[in-house]
Trainee: 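Sharing a structure here in structure tokens format.
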Amino acid sequence: QVQLAESGGGAVQAGGSLRLSCAASGYIVGRYYMAWFRQIPGKAREWVAAINTGNDVSTYADSVRGRFTVSQDSAKNTLLLQMGRLVPEDTAVYYCAASLMGGWLPVKSESSYNYWGQGTQVTVSS
């Protein structure tokens with residue numbers, strides 16, 4: 001049974017940083033695509049970043065490129081999201097997602113991912 005558990009969310013002031021973690025069990029980090037999404041209540045889930053954990057190639061939404069970094073810690077079987085220069089618009093519930101694909105994948109699409117975590121709240125105050 002695959003489980004993804006996010007942690008590291010919290011409240012921070014604008015300009016600050018947070019690091020989110022997504023610990024995987026029953027799933028090997030280092031083979032397939034994984035991603036981070038976020039969602040504001042009442043709005044659709046938004047893709048944030050993705051990484052092909054097989055070759056470490058990552059891609060980002062325009063809104064976070066240059067501020068966020070997605071990475072993996074294979075030894076801990078964990079996906080990471082380092083978030084910097086946070087702004088109030090980054091406030092959302094952040095979700096980790098994992099696929100069973102390592103080749104080409106429409107990484108921005110929720111349907112590309114087979115497993116989801118429960119989410120962790122990030123709140124950025126001005």
Trainee: Please name the pair of heavy atoms, one in G30 and one in S74, separated by the smallest distance, quoted to 0.1 Å.
Mentor: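 So the minimum-distance heavy-atom pair works out to CA-OG, 4.3 Å.
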Trainee: Would you confirm whether N77, through its side chain, and S25, through its main-chain N or O, come within 3.5 Å as a donor-acceptor pair?
Mentor: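 No, because the side chain of N77 does not come within donor-acceptor range (under 3.5 Å) of the backbone of S25.
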Trainee: Could you note down all residue pairs passing side chain to side chain donor-acceptor pair (under 3.5 Å) where residues 8-20 supplies at least one of them, sequence neighbours left out?
Mentor: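 Sorted pair list comes back empty.
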Trainee: Which residues pass the ring-ring contact (aromatic ring centres under 6.0 Å, His included) test with Y33, sequence neighbours left out?
Mentor: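 With neighbours one apart ignored, the set is empty.
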Trainee: Give me the atom names and distance for the closest heavy-atom approach of A50 to V107.
Mentor: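 Minimum heavy-atom separation between A50 and V107: CB-CB, 3.7 Å.
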Trainee: Is a donor on one side and an acceptor on the other found under 3.5 Å between the side chain of T53 and the backbone of Y32?
Mentor: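 Yes.
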Trainee: Looking at P106, is its backbone amide N or carbonyl O close enough to the side chain of W104 to form a donor-acceptor pair, meaning the two atoms are under 3.5 Å apart?
Mentor: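 No, because the side chain of W104 does not come within donor-acceptor range (under 3.5 Å) of the backbone of P106.
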Trainee: Among Ile, Leu, Val, Met, Phe, Trp and Tyr joined by side-chain contacts under 4.5 Å, find the other residues sharing a cluster with I40 and list them by chain and number.
Mentor: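 None; I40 is a cluster of one.
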Trainee: For residues 89-103, which residue pairs pass the salt bridge (Lys or Arg N to Asp or Glu O under 4.0 Å) check, not counting sequence neighbours?
Mentor: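 For residues 89-103: R38-D90, R67-D90.
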Trainee: For Y27 and A98, which heavy atoms make the closest approach, and how far apart are they?
Mentor: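 Nearest heavy atoms, Y27 then A98: CZ-CB, 3.5 Å.
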Trainee: Could you go through W36 and M83, starting from their C-alpha distance and side-chain angles, then the distance that decides it, and tell me whether this counts as side-chain contact (heavy atoms from CB on, under 4.5 Å)?
Mentor: CA-CA 12 Å; W36 290 96; M83 306 187 295; over 6 Å; no
Trainee: Go through the structure and list residues passing side chain to side chain contact (heavy atoms under 4.5 Å, CB included) with K76, not counting sequence neighbours.
Mentor: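 Expected list: D73, T78.
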Trainee: When clusters are formed by joining ILVMFWY residues with side-chain heavy atoms under 4.5 Å apart, either directly or through shared neighbours, do V93 and L81 land in the same one?
Mentor: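 Different clusters: V93 never reaches L81 through Ile, Leu, Val, Met, Phe, Trp or Tyr contacts under 4.5 Å.
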Trainee: Ignoring hydrogens and angles, tell me if any N or O in the side chain of E6 forms a donor-acceptor pair with the backbone of C96 under 3.5 Å.
Mentor: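 The answer is yes, because a donor-acceptor pair under 3.5 Å joins these two groups.
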Trainee: How far does OH of Y60 sit from CZ of R65, to the nearest 0.5 angstrom?
Mentor: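 That separation rounds to 9.5 Å.
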Trainee: I'd like to know if V64 and L18 are part of one continuous hydrophobic network [Ile/Leu/Val/Met/Phe/Trp/Tyr, side-chain heavy atoms within less than 4.5 Å].
Mentor: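 The answer is yes; both residues are in one hydrophobic cluster.
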Trainee: Given the rule in the side-chain contact (heavy atoms from CB on, under 4.5 Å) test, do L100 and Y115 qualify, once you have shown the distances and angles that lead to the verdict?
Mentor: CA-CA 9 Å; L100 294 174; Y115 308 107; 3.8 Å; yes
Trainee: Would you name the heavy atoms of L80 and S21 that are closest together and state the gap between them?
Mentor: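 For L80 and S21, the tightest heavy-atom pair comes out as CD2-OG, 3.4 Å.
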Trainee: By the definition side-chain contact (heavy atoms from CB on, under 4.5 Å), identify the one residue from I51, L20, V48 that meets it with V70.
Mentor: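 That would be I51.
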Trainee: Over 60° means perpendicular and under 30° means parallel, so classify the ring planes of F37 and Y113, tilted if in between.
Mentor: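 Answer is perpendicular, since the angle exceeds 60°.
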Trainee: Apply side chain to side chain donor-acceptor pair (under 3.5 Å) to D56 and list each qualifying residue two or more places apart in sequence or on a separate chain.
Mentor: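 Checked D56 against side chain to side chain donor-acceptor pair (under 3.5 Å); matches are Q72.
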Trainee: Just so I know, are the side chains of S99 and S112 near enough to count as touching, which here means a heavy-atom distance under 4.5 Å?
Mentor: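 In short, these two side chains do not touch, never coming nearer than 4.5 Å.
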Trainee: Which atoms form the tightest heavy-atom contact between W116 and E110, and what is the distance?
Mentor: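 Heavy atoms only, the tightest pair is CZ2-O, 3.6 Å.
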Trainee: Tell me if a side-chain donor or acceptor on T91 pairs with a main-chain N or O of V124 at a distance below 3.5 Å.
Mentor: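 Checked: pair present.
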Trainee: Indicate the atoms forming the closest heavy-atom contact of G117 with Y95, along with that distance.
Mentor: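 Looking at all heavy atoms of both residues, the shortest contact is O-CD2, 3.6 Å.
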